[in-house]
Structures are given as structure tokens and as C-alpha cells.
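Report on one structure; see the data block that follows.
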Protein chains: 2
Amino acid sequence: MANQSAQLDGVFHALSDPTRRAVLQRLGKGAAPVSELAEPFEMALPSLIKHLKVLEDAGLVKSEKEGRVRTYELVPKKFATAERWLSDQRALWESRLDRLDTYLHALEAEEQTKAKRRS
Amino acid sequence: MANQSAQLDGVFHALSDPTRRAVLQRLGKGAAPVSELAEPFEMALPSLIKHLKVLEDAGLVKSEKEGRVRTYELVPKKFATAERWLSDQRALWESRLDRLDTYLHALEAEEQTKAKRRS
DNA sequence: GCGATAGGTAGCCACATGGCTAACCAATCG
DNA sequence: CGATTGGTTAGCCATGTGGCTACCTATCGC
């Protein structure tokens with residue numbers, strides 16, 4: 001778990017590009033060689049290969065070469081890094097809103113007490 | 001929901017920087033003015049303000065100015081955009097793995113049938 | 001061995017990003 | 001009013017990113 005933050009940088013950056021997200025989406029349906037991954041896009045091969053490198057550096061994807069074909073596949077575990085950060089974040093503000101809610105209810109209850117005293 | 005993809009670009013890009021994630025984390029505990037958000041960081045004010053702009057452009061955060069103080073607060077709804085993409089992704093490959101699992105079990109069952117036939 | 005196929009490298013370019021300083025508002029305070 | 005405080009704008013710089021073309025390498029099929 002060394003340098004969680006740097007990992008998040010890489011993962012989120014990798015996800016911030018539509019081409020790369022499309023590649024991931026494709027890989028969600030199963031492993032595929034470079035040529036197949038490249039097929040849906042207009043761009044030149046080297047451009048796509050750069051994207052694949054970004055994804056692999058981020059750890060979202062891994063590849064292996066057999067003969068002249070390199071096959072890529074998803075590393076689902078890595079997605080969890082991002083998901084965890086987001087859900088931790090949500091837990092943070094949700095708990096705050098809960099406390100706020102509790103506080104507001106407490107206030108309201110107090111108001112009612114006062115109202116009764118006044119009546 | 002116009003141009004989902006461009007939104008994801010912005011959100012994920014905004015999340016890909018440790019400073020910005022730290023700011024979000026801080027805002028998870030409640031709204032805060034610029035000066036308070038800037039306090040934990042070494043960097044010059046204008047640099048941090050750029051980060052705040054990125055966050056606001058991505059829609060993760062909103063701000064309002066009162067007097068000379070600008071207060072920022074979280075827009076939790078926006079996080080859902082990212083979370084949804086990730087969980088959709090996961091649903092995709094999980095269903096695939098399920099099918100694969102089913103397939104493997106089917107294969108195994110068939111093998112056993114054959115084995116019985118052979119015996 | 002030779003040509004076709006699959007991929008990879010190098011190097012270029014335009015533009016975006018993240019940092020800075022300096023100078024500039026615009027409220028407040030005394 | 002004048003100084004201070006809280007932000008903001010402008011503009012500079014180095015580096016990163018995403019695209020390209022051109023060329024190179026390695027395997028495969030015949």
C-alpha cells in the first residue's frame with residue numbers, strides 16, 4: 001500500500017480520458033489484442049498505444065505478449081482503489097449531514113419544549 | 001444528461017490531483033472560505049485558486065461570495081457521476097465472470113457425465 | 001527467405017497544466 | 001480617509017499530454 005495518493009493520481013488520470021474509458025469498457029467484455037482495441041477509433045496506432053501505456057502504468061490493465069500479438073486484460077482490483085476513495089469521501093460528508101440532521105432535530109425538540117413552557 | 005462523457009472527463013481529471021482531493025476531503029467536513037482551504041498548503045494563493053476553479057468547473061464544488069469572502073462547499077451529487085461509471089463498469093465484468101463461471105461449471109458437469117459414461 | 005502482419009520507437013508539434021510573481025480590486029477596520 | 005485583509009487577474013515558465021508521421025522489429029504463412 002505504498003503511496004496511496006500517487007496511485008489515485010494515476011488511476012483518476014487514466015480514467016479522465018474518453019478513449020481510455022472506452023478501452024476499459026471494451027476490456028470489461030473480455031481480453032483483447034491491441035489491433036482489436038484500436039479498431040473502433042479513428043486515431044493512429046501509436047496514439048492508442050500511448051493510451052494503453054497510461055492504463056497499464058496506472059495498473060488498471062495488464063498485458064502479455066505471445067508471438068507478435070499483445071493481449072490486454074482488465075485488472076478489476078485496481079478500480080477498487082478509486083471506488084474506495086469515493087465511498088470514503090461519501091461516508092465523510094454523509095456522517096456530517098447526519099450529525100447536522102441530528103442537531104436540527106435536537107433544536108426543533110428544544111423549540112417545542114420552550115413552546116410548551118411558554119403556553 | 002447531455003454529454004455524459006465530457007462530464008466524466010472533468011470529474012476524473014479534477015480528482016486526479018492530490019491537492020484537489022485534499023480540498024474535497026476538507027470540504028467534506030463542511031463549507032470553508034478560500035483562506036481556510038489554502039492554509040494547509042505550501043503553495044501560493046493563486047495556484048490554489050486555480051485548483052478551486054478546476055473543482056468548480058467540474059461541478060464537484062460550488063462557491064458564493066459574501067463581502068470579500070468566498071465560501072466553498074461540496075456538491076455531493078457530482079461524485080455520483082464518477083461512482084456510477086465505476087459501478088457500471090464493475091457490473092459489466094462481474095456479469096462476464098459470472099457467465100464464465102457458469103460456463104466452467106457446465107463444462108465440469110459435462111466432464112463428469114463423460115467420465116461416468118466411460119466407467 | 002520474403003512479404004505481410006502486429007506492434008513498438010523516435011521525434012515532432014500544439015496545447016493544457018501547475019506552479020510562480022506582481023500588480024490589482026473591493027470590502028473592512030481604525 | 002488610509003491601511004489591511006481576502007481574493008482575483010495577468011502573464012510568465014517548465015513540463016506533461018495527446019495527436020501525428022516515419023521508420024524499425026519481430027513473427028507468421030507460404
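Quick note on labels: first sequence line is chain A, next is B, and so on, each numbered from 1. Please read all numbers here as calculations on a predicted model, not as lab measurements.
Atom pair A:H13:NE2 and D:dT15:P shows a separation of 18 Å (rounding to whole Å applied).
If you check the side chains of B:R21 and A:S5, you find a donor sitting under 3.5 Å from an acceptor. Using modelled atom types and a 3.5 Å distance limit, the side chains of A:E66 and A:T71 yield no donor-acceptor pair.
Of the candidates C:dG8, D:dC20, D:dG18, the closest approach to any side-chain atom of A:R20 belongs to D:dG18. Out of C:dG8, D:dG7, D:dC20, the shortest distance to the side chain of A:K65 is found at C:dG8.
Taking 3.5 Å as the limit, the base of C:dG19 and the side chain of B:K50 contain a donor-acceptor pair of atoms between them.
Remark: B:R70 is in phosphate contact with D:dT8, judged by side-chain N or O atoms under 4.0 Å from OP1 or OP2. Distances shown here put a side-chain N or O of B:K53 below 4.0 Å from the OP1 or OP2 atom of D:dT9. Using a 4.0 Å cut-off, some side-chain N or O of A:S47 falls inside it from OP1 or OP2 of D:dC20.
A residue-by-residue look at A:G67 and A:T19 shows that A:T19 has its nearest nucleotide of DNA chain D further toward the 5' end. A residue-by-residue look at B:S35 and A:E42 shows that B:S35 has its nearest nucleotide of DNA chain D further toward the 5' end. DNA chain C is contacted by both A:V34 and B:R68; A:V34 maps to the nucleotide lying nearer its 5′ end (nearest heavy atom per residue).
When heavy atoms are screened at a 4.0 angstrom cut-off, A:P46 is found touching base atoms of the nucleic acid.
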